[in-house]
K.L.:
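Handing you a structure now.
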Amino acid sequence: MTRRFHHRLSRAVEVISVGLLGLVIAALGIAICCERRVHAAVPKARSGEVLTYASPLEMAFSADSARLYVLCQGSDEVRVLDGFTYKAIKNISVGHVPRGMSLSPDGRRLLVTNTWDDTVSVIDTRTLSVTATWTVGAEPSGVAQDRADKYVFVANRISNDVAVLDAATGAEQKRLAAGRGASYITASPDGARLYVTHVYPNPTHESTAMGNRSAPESEITVIDPARAVIVDRIRLKNIAHGFHIAFSRDGRLGVVAQLHPKNLVPLAHLEHSGAFADTLAVFGSDVGQPVEIPLDELERYATRPFGVMISPDKSRIFVTSGGAEFVTVIDVPRLLQFAHAHPGSSARDLGASANYVVTRIEVGHDPRGMVMTRDGSKLLVANRLDDSISVIDTRTNQVVRTIRLDGPKLITVLRHGEQTFYTSRYSFQRQIGCANCHIDSTFDGLTWDLEPDGFGRDIVDNRLLEDITGTEPYKWNGGNPNLPTECGPRTEKYFWRSENYDDLTLTDLVVYVRHLPLRPNRWRQADGSLTPAQERGKALFERSVDKFGKTIAEANRCSYCHSGPKGTSQRSFEVGTNKTTDNAGPFDTPQLINVALTAPYLHDGSAETLEEIWTVYNPEDKHGRTNDLTKDELNDLIEYLRTR
């Protein structure tokens, strides 16, 4: 009891440093709901020193294994460790929020994508210094260089394409159209093909009995690097989010870590994997057509598979699961036997994984990327929210060492809130976490049927989480007045199906969500000015008189509902978009922050594009006066909205 009291008191002292006096009261056992604005965007220790966590995301060994490169997203750097002793050699600063890296075929360059700078850092591995910075597309994520040393390929998550750069100069040669959210690039063992996965589902335009609601679909975009052209698109049916790919050394087996949402049925319970299936897609000549293989079992869910690795002898597959905080070990011969006997998908079968899963190895918070020693005897796992690397003996499937990266030992309010956001430990049977629907703390591009309003009723679109302070109330019906309600009772009751948050954990989670920063807006000019088209769109957005000289009712002006710095009046309105599946009531006005990123649109996601909001779903001009606008004028309005 004394130790617990002192722990809470210590947490309370820390909270004072970020201005959350309400937590001190909670730490003393007095329940209070306090939404104070935290002015420090970065957590600080009691001494006032800024705390920067490494947050290791990806790793790579040099060709001779003498060096281990660790991509640290939190500290904006690549840390170079001795490949045998794991002692620190050098920290190399790169751009902001790095996400991907890869070595050139000759090992002389390490390429790092910087997602918030829209750049690639080129590191000379001999001098361990950045020698060039190349500008690429919107939110570069994955990167790979071809074997001929001619091209560098960069997957751009926001512009949904793959940039082809001159490998010598970084000059862009062309763009290849990928799927939505292009993020991770993996080369086949012979280098003849590049495979690109995507973190958001492709837009669907199929007409179904459920209207706009059709099963999500992603893809693997296959590129011929020699010609720099797309040669195939492997469809991933029912998949919304794809992550890393691994190949066997003989190239006959490919494996994709992926997330299969069950968003077309009511989220009535989690007892039988009611929200997500955590799966792999296996493909290649060993299996023929892609086969979806579940990783879950009852009460042991592999929440959010991310990294995947195949042992050199092709006997084992290793998969990291960020929410579950373990590595799944799979027997490859047994997996292939199951895949041949069960073509298609077995995602709903919670007994399937018993046929091929050998064990699950617990590691640290939010395990992500992996690397394996050349002989396959050791597997290294980057624990993003622990600032550590787990070293696994692949013969015993045991963690034999934990490498602690240099950095703060104090777990701040924001850090604990982030850990809470990404883990699945608080939900029923540890099935899901906040990051399941808010990929990388953003959104998922899906619509969901949340059953408190009735099965098949009130279908809702998932919103972006960035910079949401000052946009309350929450939910499309405006039913939750603040984030403690949204993240606490509502989430525990309707998503987690369990009540596990204590006062401090919930408040830390709320603080983290409140401090999710706003990523750069790619449609704004660097100097803050508007283009001529954006200026014309702004005038349409703010107009009070239509093209025929008639006054537009104040409540039907764009700028009335979408007022304020974040594009919301924080009020609810009836805008004529109700569907037969909706219950009565007006809809909360959504914020316009980075609205260009978050398709689909409207409360139920029925509008695939911003244009459809007014061309398809505004026949009576209830959602702003727009029917008098020409196609060009509507385009101008959309160009302005993209700058918000």
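We're numbering straight along the sequence, starting at 1. Predicted model, so just to flag it, every value in this text is computed and none were measured. Any value given below was found using the heavy atoms of this structure, including those in side chains, with hydrogens, waters and symmetry copies removed.
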K.L.:
Distance to the ring centre below 6.0 angstrom and angle to the axis at most 45 degrees; does that hold for R490 and Y474?
P.N.:
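No, R490 does not sit over the ring of Y474.
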
K.L.:
Check whether the side chains of D632 and T630 place a donor and an acceptor atom closer than 3.5 Å, and report yes or no.
P.N.:
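No pair is found: no donor N or O on one side chain lies under 3.5 Å from an acceptor on the other.
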
K.L.:
Under a 4.0 Å threshold between the charged nitrogen and the carboxylate oxygen, would R543 count as salt-bridged to D628?
P.N.:
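Answer for the salt bridge query: yes.
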
K.L.:
Between the main-chain N or O of Q431 and the side-chain N or O of S427, is there a donor-acceptor pair closer than 3.5 Å?
P.N.:
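Pair found, side chain donor or acceptor close to backbone of Q431.
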
K.L.:
Check whether any side-chain N or O of K566 sits under 3.5 Å from a backbone N or O of T469 as a donor-acceptor pair, and report yes or no.
P.N.:
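It does hold such a pair.
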
K.L.:
Would you say Y512 and V413 make side-chain contact, with heavy atoms under 4.5 Å?
P.N.:
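No, every pair of side-chain atoms sits at 4.5 Å or beyond.
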
K.L.:
Hey, is NZ on K579 packed in by over 12 heavy atoms from elsewhere, all under 6.0 Å?
P.N.:
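It does: K579 NZ has more than 12 such atoms within range.
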
K.L.:
Can you pull the salt bridge (Lys or Arg N to Asp or Glu O under 4.0 Å) pairs that have at least one residue in residues 592-601, sequence neighbours excluded?
P.N.:
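Sorted pair list comes back empty.
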
K.L.:
Taking only residues two or more places apart in sequence or in another chain, which ones pass side chain to side chain contact (heavy atoms under 4.5 Å, CB included) with A144?
P.N.:
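A144 satisfies side chain to side chain contact (heavy atoms under 4.5 Å, CB included) with I185, L194 once adjacent residues are dropped.
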
K.L.:
Between T119 and P140, is any pair of side-chain heavy atoms under 4.5 Å apart?
P.N.:
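A side-chain contact under 4.5 Å is absent here.
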
K.L.:
Any side-chain heavy-atom pair from R522 and D118 closer than 4.5 angstrom?
P.N.:
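The answer is yes, as the side chains (C-beta and beyond) meet within the 4.5 Å cut-off.
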
K.L.:
Output, in order, the C-alpha distance, side-chain angles, deciding distance and verdict of side chain to side chain contact (heavy atoms under 4.5 Å, CB included) for E639 and T531.
P.N.:
CA-CA 9 Å; E639 283 301 307; T531 66; 5.7 Å; no

K.L.:
Run the side chain to side chain contact (heavy atoms under 4.5 Å, CB included) test against S141 and tell me which residues pass, sequence neighbours left out.
P.N.:
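Counting only residues at least two positions away or on another chain, S141 forms a side chain to side chain contact (heavy atoms under 4.5 Å, CB included) with R99, T115, R157, S183.
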
K.L.:
Any salt bridge linking K237 with E292? Criterion: basic side-chain nitrogen under 4.0 Å from a carboxylate oxygen.
P.N.:
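Judged by the 4.0 Å cut-off on N to carboxylate O distance, K237 and E292 do not form a salt bridge.
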
K.L.:
Can you sort out the partners of E611 under salt bridge (Lys or Arg N to Asp or Glu O under 4.0 Å), two or more places apart, ordered by chain and number?
P.N.:
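E611 satisfies salt bridge (Lys or Arg N to Asp or Glu O under 4.0 Å) with K631 once adjacent residues are dropped.
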
K.L.:
Any side-chain to backbone donor/acceptor pair from N462 onto H438? Under 3.5 Å, distance only.
P.N.:
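Flag not set: sc N462 to bb H438 has no pair under 3.5 Å.
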
K.L.:
Taking the side chain as every heavy atom from C-beta outward, state whether N114 and H96 have any atom pair closer than 4.5 Å.
P.N.:
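No; the side chains remain at least 4.5 Å from each other.
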
K.L.:
Under 30°, 30 to 60°, or over 60°: which ring-plane class applies to H244 and Y184, parallel, tilted or perpendicular?
P.N.:
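Ring orientation, 0 to 90° scale: tilted.
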
K.L.:
For N156 and S159, indicate whether the former's side chain and the latter's backbone hold a donor-acceptor pair under 3.5 Å.
P.N.:
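Side chain of N156 to backbone of S159, a donor-acceptor pair under 3.5 Å: no, none is there.
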
K.L.:
With sequence neighbours excluded, tell me which residues meet ring pair (Phe, Tyr, Trp, His ring centres under 6.0 Å) with H603.
P.N.:
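Listed in chain order: F587.
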
K.L.:
If the condition is side chain to side chain donor-acceptor pair (under 3.5 Å), which residues does R233 pass it with, not counting sequence neighbours?
P.N.:
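Here the qualifying residues are E219.
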
K.L.:
Tell me if a side-chain donor or acceptor on W134 pairs with a main-chain N or O of V122 at a distance below 3.5 Å.
P.N.:
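Such a contact is absent between W134 side chain and V122 backbone.
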
K.L.:
Is the distance from the ring center of W448 to that of F276 below 6.0 Å?
P.N.:
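Centroid separation for W448 and F276: below 6.0 Å.
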
K.L.:
Report yes or no: does Q173 contribute a side-chain atom to a donor-acceptor pair with the main-chain N or O of L165 at less than 3.5 Å?
P.N.:
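No, because the side chain of Q173 does not come within donor-acceptor range (under 3.5 Å) of the backbone of L165.
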
K.L.:
Hey, could you give me the CD1/SG distance between I432 and C437, rounded to the nearest 0.5 Å?
P.N.:
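Reported value, rounded in 0.5 Å steps: 6.5 Å.
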
K.L.:
Between R415 and S55, what is the shortest heavy-atom contact and its length?
P.N.:
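That would be NH1-OG, 3.0 Å.
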
K.L.:
For R304, check salt bridge (Lys or Arg N to Asp or Glu O under 4.0 Å) against everything at least two apart and list the hits.
P.N.:
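For R304 the salt bridge (Lys or Arg N to Asp or Glu O under 4.0 Å) partners, ignoring immediate neighbours, are D366.
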
K.L.:
Using only atom types and a distance under 3.5 Å, with no angle test, would you say the side chain of N556 pairs donor to acceptor with the backbone of D621?
P.N.:
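Flag set: sc N556 to bb D621 pair under 3.5 Å.
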
K.L.:
Between V256 and F243, does a side chain to side chain contact (heavy atoms under 4.5 Å, CB included) hold up when you go through it step by step?
P.N.:
CA-CA 7 Å; V256 187; F243 302 99; over 6 Å; no

K.L.:
Any side-chain heavy-atom pair from I613 and N618 closer than 4.5 angstrom?
P.N.:
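No, their side chains stay 4.5 Å or more apart.
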
K.L.:
Can you spot which of T598, T442, I158 makes a side chain to side chain contact (heavy atoms under 4.5 Å, CB included) with Y200?
P.N.:
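That would be T442; it is the only one of T598, T442, I158 passing the side chain to side chain contact (heavy atoms under 4.5 Å, CB included) with Y200.
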
K.L.:
So which pairs with a foot in residues 549-559 pass salt bridge (Lys or Arg N to Asp or Glu O under 4.0 Å), sequence neighbours left out?
P.N.:
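For residues 549-559: none.
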
K.L.:
W496 versus T491: any side-chain heavy-atom pair under 4.5 Å?
P.N.:
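Heavy-atom side-chain distance check passes, below 4.5 Å.
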
K.L.:
With a 4.5 Å cut-off on side-chain heavy atoms, are H198 and N160 touching?
P.N.:
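Answer no - side chains too far apart.
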
K.L.:
Any chance you could lay out the side chain to side chain contact (heavy atoms under 4.5 Å, CB included) test for V162 and T221, step after step, and finish with the verdict?
P.N.:
CA-CA 10 Å; V162 177; T221 307; 5.7 Å; no

K.L.:
Partners of Y195 by ring pair (Phe, Tyr, Trp, His ring centres under 6.0 Å), sequence neighbours excluded?
P.N.:
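For Y195 the ring pair (Phe, Tyr, Trp, His ring centres under 6.0 Å) partners, ignoring immediate neighbours, are F247, F283.
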
K.L.:
Would R519 and D440 satisfy salt bridge (charged side-chain N to carboxylate O under 4.0 Å, His left out), going step by step from the backbone distance to the final call?
P.N.:
CA-CA 12 Å; R519 78 181 79 184; D440 291 332; over 6 Å; no

K.L.:
When you compare the side chains of E542 and S559, does any donor N or O come within less than 3.5 Å of an acceptor on the partner?
P.N.:
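There is no such pair between these side chains.
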
K.L.:
Kindly say whether V231 contributes a backbone atom to a donor-acceptor pair with the side chain of D224 at under 3.5 angstrom?
P.N.:
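It does not hold such a pair.
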
K.L.:
Taking the side chain as every heavy atom from C-beta outward, state whether T447 and D604 have any pair of such atoms under 4.5 Å apart.
P.N.:
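They are not in side-chain contact.
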
K.L.:
The test is side chain to side chain contact (heavy atoms under 4.5 Å, CB included); show your working for L465 and S441 and say whether it passes.
P.N.:
CA-CA 7 Å; L465 282 187; S441 298; 5.6 Å; no

K.L.:
Are R175 and D161 close enough for a salt bridge, meaning some N to O gap below 4.0 Å?
P.N.:
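Yes, this pair counts.
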
K.L.:
The criterion is salt bridge (Lys or Arg N to Asp or Glu O under 4.0 Å); which residues satisfy it with D458, sequence neighbours excluded?
P.N.:
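Per chain and number, D458 pairs via salt bridge (Lys or Arg N to Asp or Glu O under 4.0 Å) with no residue.
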
K.L.:
Could you pull out all residues at least two apart from D117 that satisfy side chain to side chain donor-acceptor pair (under 3.5 Å)?
P.N.:
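Partners of D117 by the side chain to side chain donor-acceptor pair (under 3.5 Å) criterion come out as none, since no residue qualifies.
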
K.L.:
Apply salt bridge (Lys or Arg N to Asp or Glu O under 4.0 Å) to E492 and list each qualifying residue two or more places apart in sequence or on a separate chain.
P.N.:
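Applying salt bridge (Lys or Arg N to Asp or Glu O under 4.0 Å) to E492 gives none.
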
K.L.:
Any idea which heavy atoms bring P484 and P489 closest together, and the distance?
P.N.:
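Taking P484 first and P489 second, the nearest heavy atoms are O-CD, 3.3 Å.
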
